[in-house]
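Below is one structure, written out as structure tokens, with a few remarks after it.
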2 protein chains.
Amino acid sequence: MLLYRPFEHHLNIELGKHGLYRAEWTILYYLANNESATLVELAHYQRVEKPTMTRIIRSLEESGFIEHIPGKDRREKPMKLTELGKKVYAEVRVTVDRFEQDILEGISEEQQLEAIEVMNAIRNQLISKESGK
Amino acid sequence: MLLYRPFEHHLNIELGKHGLYRAEWTILYYLANNESATLVELAHYQRVEKPTMTRIIRSLEESGFIEHIPGKDRREKPMKLTELGKKVYAEVRVTVDRFEQDILEGISEEQQLEAIEVMNAIRNQLISKESGK
DNA sequence: TATATTAGTTAGCTTAACTAACCATTAACC
DNA sequence: GGTTAATGGTTAGTTAAGCTAACTAATATA
């Protein structure tokens, strides 16, 4: 908690240089690694409700970073990165990589991996708590 | 980031049972461990701006959980827990402790401590980045 | 075929942050 | 010692990012 506030603050500053919000960046990230995804899939990934994702997607669409491709199921709205989206992602990636490298300075890779493992374990615990209700 | 969302969500549910918000809980926590603190001190601790803290404090004051004690410097407004505040803190503490124990199940103490250490290191890096500008 | 489920949207609300501009009080400087 | 700086706090107004409730359109199921 004490970590998250300054972390988000700095990340937002980095992203702000590219005119992006944190919530948008996360979606670009997902689509850069998954080719295409529907709104529900993205909402589930981010653990937010559908209306929240509707808004994020609309904003990214208006910026021309993502577009929807037609699918079989006409209810669904699968989204993918546009060429512009891919370009911007790559650019921001550089900034974010440098930022991450910066804040992880002096922490051994081993320690990093272990910390990530712990966090994943907690996350899974939290999520299973949710569905187990 | 992927951890924080579900974590905050669940913590908010736990706190909601006591009619508290996360931001308020953090201040109760600080005052339970520090006797008294001014608005600026609390804002610095939480890494938020003064107006944000003004609002949180007002809400806690209206709930009767904290009160301000007069100090020498008449600009300052040192706050401390009321008897009610202490009581509520102790109660919520129990819920939050159980919650934490729950999500840390199956993670060795050693791993927990190391993860905390890593997070503190990152936090310090972030904060020093701030002041070093 | 009628009903239930799923995908997504709209409308309206809330929390928790921010900046800019301000007042009161104390500290610092010639 | 009086003017100017800095510090502590508040008010007003804005924003991002989430939520629920209620809805439409399309597909699945009984």
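Proteins come first, then strands; the chains are lettered A, B, ... in the order of their sequence lines, and each starts at number 1.
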Suppose we call a contact any N or O donor and acceptor under 3.5 Å apart; does that hold for the side chain of B:R74 and the base of C:dT25?
no
Any carboxylate oxygen within less than 4.0 angstrom of a Lys/Arg side-chain nitrogen, looking at B:K86 and B:E83?
yes
Have a look at C:dA17 and give me syn or anti from its glycosidic angle (syn if within 90° of zero).
anti
Would you please confirm or rule out a distance under 4.0 Å between OP1 or OP2 of C:dT9 and any side-chain N or O of A:K77?
yes
Hey, what's the ring geometry for A:Y45 with A:Y30, parallel, tilted or perpendicular (30° and 60° as the breaks)?
tilted
Can you tell me if A:R58 touches the phosphate of C:dT10, counting only side-chain N or O atoms and a distance under 4.0 Å to OP1 or OP2?
yes
Of the candidates C:dA17, D:dA17, C:dG8, the side chain of A:Y21 sits closest to D:dA17
Between A:T54 and C:dG8, is there a side-chain N or O to OP1/OP2 distance below 4.0 Å?
no
Can you tell me the distance, in whole Å, between the CE atom of A:M53 and the C1' atom of D:dA16?
14 Å
NZ/NE/NH1/NH2 to OD/OE distance under 4.0 Å, A:E67 and A:K80
yes
What's the closest nucleotide to the A:Q46 side chain, out of D:dG18, D:dT20, C:dA7?
D:dG18
Hey, does the side chain of B:T52 come within less than 4.0 Å of C:dC18's phosphate (OP1/OP2), counting only N and O?
yes
Under 4.0 Å between a side-chain N/O of A:R47 and OP1 or OP2 of D:dA17, yes or no?
no
When rounded to whole Å, the CD1 to C1' distance for the pair A:I27 and D:dG18 reads 14 Å
Between B:R22 and C:dA17, is there a side-chain N or O to OP1/OP2 distance below 4.0 Å?
yes
Give the rounded distance in Å between these two atoms: CZ of B:R75 and P of D:dG9.
9 Å
So that I can tick it off, tell me whether A:R98 and A:D102 are bridged by a salt bridge, with the cut-off set at under 4.0 angstrom between side-chain N and carboxylate O.
no
Mind calculating the distance between CD (B:E76) and C1' (D:dT10) to the nearest angstrom?
16 Å
Say whether, by atom type as modelled, one donor and one acceptor occur between the side chain of A:T54 and the main chain of A:K50 under 3.5 angstrom.
yes
For the pair made of NZ in A:K72 and P in C:dA7, what is the distance, rounded to whole Å?
15 Å
Any N/O donor-acceptor pair, A:R55 side-chain to D:dA16 base, under 3.5 Å:
no
Could you check which of C:dA17, C:dG8, D:dT20 has an atom nearest any side-chain atom of A:T38?
C:dG8
Among the nucleotides C:dT9, D:dT10, D:dG8, which one has an atom lying closest to any side-chain atom of B:L39?
D:dT10
Output the rounded distance in Å from CD1 (B:I57) to P (D:dG9).
8 Å
On DNA chain C, compare the nucleotides closest to A:P51 and A:D73; which residue's is nearer the 5' end?
A:D73
Base partner of C:dC18, which must satisfy Watson-Crick or wobble distances under 3.5 Å
D:dG13
Which of these nucleotides, C:dA17, C:dT9, D:dT10, is closest to any side-chain atom of B:V48?
C:dA17
Could you check how far CG of A:N12 sits from P of D:dT15, rounded to whole Å?
16 Å
Please give the nucleotide sitting opposite D:dT20 as a Watson-Crick or G-U wobble pair, both distances under 3.5 Å, or none.
C:dA11
A:E8 bridged to A:R5 by N-O distance under 4.0 Å
no
In whole Å, I'd like the distance from the CE atom of B:M79 to the C1' atom of D:dG8.
14 Å
